[in-house]
Engineer: 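The structure that follows is given in the form of structure tokens.
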Amino acid sequence: MKRTSFPTAESIAKLLNGKVISGNKDIVIRNYATIDQAKSGDITFLANQKYLPLLKDTKASAILMAQAFKEAPLGITVILADNPDLAFSRVVEYLNPPQDNVYKGIHSKSSVAKGVKLAKGVSVGIFTVIEKGSVIGEKTIIYPSVYIGHSVKIGRNCLIYPNVVIREDTVLGDNVIIHSGTVIGSDGFGFTLETRPNAEGGREAKRMKLPQRGNVVIEDNVELGANCTVDRARFGSTIIRKNVKIDNLVHIAHNVEVGENTLIIAGAVIGGSAKIGKNVILAGHSGVDGHVTIGDNVKVGAKSGVVKDIPPDTMVAGFPARPYREHLKEQAILNKLPEILKNLKK
Amino acid sequence: MKRTSFPTAESIAKLLNGKVISGNKDIVIRNYATIDQAKSGDITFLANQKYLPLLKDTKASAILMAQAFKEAPLGITVILADNPDLAFSRVVEYLNPPQDNVYKGIHSKSSVAKGVKLAKGVSVGIFTVIEKGSVIGEKTIIYPSVYIGHSVKIGRNCLIYPNVVIREDTVLGDNVIIHSGTVIGSDGFGFTLETRPNAEGGREAKRMKLPQRGNVVIEDNVELGANCTVDRARFGSTIIRKNVKIDNLVHIAHNVEVGENTLIIAGAVIGGSAKIGKNVILAGHSGVDGHVTIGDNVKVGAKSGVVKDIPPDTMVAGFPARPYREHLKEQAILNKLPEILKNLKK
Amino acid sequence: MKRTSFPTAESIAKLLNGKVISGNKDIVIRNYATIDQAKSGDITFLANQKYLPLLKDTKASAILMAQAFKEAPLGITVILADNPDLAFSRVVEYLNPPQDNVYKGIHSKSSVAKGVKLAKGVSVGIFTVIEKGSVIGEKTIIYPSVYIGHSVKIGRNCLIYPNVVIREDTVLGDNVIIHSGTVIGSDGFGFTLETRPNAEGGREAKRMKLPQRGNVVIEDNVELGANCTVDRARFGSTIIRKNVKIDNLVHIAHNVEVGENTLIIAGAVIGGSAKIGKNVILAGHSGVDGHVTIGDNVKVGAKSGVVKDIPPDTMVAGFPARPYREHLKEQAILNKLPEILKNLKK
């Protein structure tokens, strides 16, 4: 719902603990847009230097930046703010307050088992199922068509989007966000070959399913994207520590532990029993072998494959993943190789 | 539902604007099959030259081809048709007309909010939810167990398969097909570090979610496979232009734009704010970095990773993706390297 | 539900057809844990030699192993068992028998079409849809919020987890397990360009959808992980043979055939009409091009891409996938190249 009365650049600066450093502090801001799409009356922002070339042609009336750039158009009103990315989001929320569309209360056509504990302010949407023994914390919102298995514990202020599946015994902390289509607590991929006598008097190996009897524990402030999978542990727990943020289509296998503040980008796959440290970044399409340990503050490049332990505070890339500088050196030589070999022939 | 009366080769040729060029034009065709599985009475086709070696042994009574091949078995009836792939599909539809299994009308156990506008001929399946403010165009079929959020606009003749999630404010054109499990409009993966005073009098960086307030726009004739994810824009729109075809398990991040007629194959991942041109092919498991621009008519090889802008009309491969010829040259040298080094030692 | 009376090491050994070879055979076992988390009174196991270094510090009272290791702590009770992995799972089931949480019977708020055949002992959960003409075998459990299309056949003792979609005409054998979010029978990704006269009197190519009229056949004892996709055949069947085990987020395209006992690890993608042999392993994030044949007993390394036929009994890696030894040799040379070139310059 857009506002009907509008703020000045000066009042936006105040809202952000920022400062108008040039242009007209009394100009009225009616809307917001990206730097290339902004029109007169709009506010925009510059956070990524990649977009600096667009600055001189922006039609915006005001701009949020972390520092003054000489490329800014004449007459534009410049507001300095520490973190223009975040500051701009606040302006957006101010100019266009989010609508509260969530169904309030427990929908009569949801299916909440007897004995399930729903704290104050919980919302449960239509066609959502909550099985016996589960406990849902205050103000948690469970959208329609969610499935929550037996004995699940969910904390406060969580958001569980439509079509999420949370299987039995999963534990979620507070402020956890799970996007649509994500499956938590599916069986780990565990099989073993058992050799047995066969009908012909010999022996044959049969692949047997190893029961997956553990669970998944997700701590506070974790966000999981859409269509991810987090398998339950064989025994014990698959653990995602607090403040971890996970993109879409990411797979976390049984018994994995992901450390605090770690980021995992779309398409990454983590094998069983791997241990990922704190503040790690796993880039898009990266993979981590089972039973591998990655130290704190490690960065794993896009499409890399980690097949052995990585010490903390390193950056790795390639497959098999090796220190980033080695990887770059190899890439550089590979690029020059045709020329080098031509020279050698001479 | 299979037919009970059957056409001749000649009448099939007429149906296809094709021509019987050898064999018996009056032979009756009772069924269809692939070239290796066809039996007497069947029609088959040859579209991919890879299957030419199978031609001489086929047991089919008739075959659709774009040209005459001398390998065709003696006596087989050959029908020439411009596009044997498409022509064969028409024969299949003719011999085995598709059944119309769709529930007609608005199911009494669906949940359509008051004020939702359903045009003539719309079908809404059981357990499907359509939230307030949404508009659905003529003859669009929404299968059971779909979730459609607030203020979604869907055009005419769309097919939305079971368990699709379409979140608030999404816009779909006409003739759009969305396969099961796909999630449209989930939050973009956007976070920023904010430095704040901490309890010990120092400062600490905290990762803050950037609100994702934009939407997703999907134009006419787009098909999206199963279990894909298309994130909403942070502001503005994530856009998929008309005639784009997307395979399964593909991820499209926030603020991406995909140009007309582009094909994206299974397992591909596109990072935030990337711009993909028209008529592009992104092969399986390829990846595109955020904020990168790919020109029109570009082909990106399987498993490649695009990390910088790619000019139009080029073919790239490898990681980082480079021109295809360079990539091939490097691969060739890499293959020969063991021998080259052996010779050098001598 | 944990037990209230507890077995001795000796009685556990009997249960497993194993043998206590050292320590106290009368010690009472109250619980189970992994080797590093076990406490006094617990039983643990050693199956993967990677964890041998943890053995000397374990606090467990008893341990299952396949052979005696001198690193075992003094006084620990050692039980020998052929397959400690499987043996330990049996102990877990014994100490902590699985709870039977499944809803029994046909839920009154499911939607089972008239004429659907449900054998004895079938369970159908709330909000599950089964369309006309489907047949479900004895004791198969269909969890809540599943969608089963028209004319689907499902065998005995299957487990279909919440939010699975099984589209029309799919055939499942006995003892099949399908995890949440998986989609079976979505349309294959098939399009063809058709050239037509356009309005300006010239001709233009239009991409046409090729109807996907085949189905999916999944044989006995197959397990499919969460959020996988298996596309229906264009004609004929996409086939997954018996005992195949598939991890999460795997894509199987139209007309693929996967041979008996094959394992496919998370994130793998298989292109249309590929034929995968028996006892194959496709490691994580591997890819197989369309129309390619992979022989029996082949191992495809993680992140590899198979682009041409692979003979049986081989191991391949890299992209394009080549014999593993060649791949290793190339990797080794690549690693040494910087030094080799330095020496050459001298």
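Naming: A, B, ... by sequence-line order, numbering from 1 per chain.
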Engineer: Sort by residue number and list every member of residues 173-183 of chain A having a non-hydrogen atom under 4.5 Å from chain B.
Structural biologist: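 Within residues 173-183 of chain A, the residues under 4.5 Å from chain B are A/I177, A/H179, A/S180, A/G181.
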
Engineer: Does B/R232 come within less than 4.0 Å of B/D169, counting only side-chain N to carboxylate O?
Structural biologist: yes

Engineer: Below 4.5 Å from any heavy atom of chain B, which atoms of A/Y143 appear? Answer side chain, backbone, both or neither.
Structural biologist: side chain

Engineer: Between A/Y51 and B/H291, is the gap from one ring center to the other below 6.0 Å?
Structural biologist: yes

Engineer: Does any backbone or side-chain atom of A/N335 lie under 4.5 Å from a heavy atom of chain B? Answer side chain, backbone, both or neither.
Structural biologist: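 It is both, since atoms from each part get that close.
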
Engineer: Please indicate whether A/K109 has more than 12 foreign heavy atoms, meaning atoms of other residues, nucleotides or ligands, lying under 6.0 Å from its NZ.
Structural biologist: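 No.
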
Engineer: Can you tell which part of A/Q331 gets under 4.5 Å to a heavy atom of chain B, answering side chain, backbone, both or neither?
Structural biologist: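 Side chain only.
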
Engineer: Go through the atoms of A/K50 and report whether side chain, backbone, both or neither lie under 4.5 Å from a heavy atom of chain B.
Structural biologist: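 For A/K50, the side chain is the part near chain B, not the backbone.
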
Engineer: Between the side chain of B/D247 and the main-chain N/O of B/A266, is any donor-acceptor distance below 3.5 Å?
Structural biologist: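 Yes; judged by distance alone, with no hydrogens or angles, the pair exists.
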
Engineer: Without hydrogens or angle criteria, can the side chains of B/E131 and A/Y103 be said to hold a donor-acceptor pair below 3.5 Å?
Structural biologist: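 Absent: no donor and acceptor within the cut-off.
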
Engineer: For the pair A/N227 (side chain) and B/C228 (backbone), establish whether a donor and an acceptor sit closer than 3.5 Å, ignoring hydrogens and angles.
Structural biologist: yes

Engineer: Can you tell me which portion of A/N48 sits under 4.5 Å from chain B's heavy atoms? Options are side chain, backbone, both or neither.
Structural biologist: side chain

Engineer: Pick one of side chain, backbone, both or neither for A/N83, based on which atoms fall under 4.5 Å of a heavy atom in chain B.
Structural biologist: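 Just the side chain, heavy atoms under 4.5 Å.
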
Engineer: What do you reckon, is NZ of A/K299 surrounded by more than 12 foreign heavy atoms closer than 6.0 Å?
Structural biologist: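 Result for NZ/A/K299: open.
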
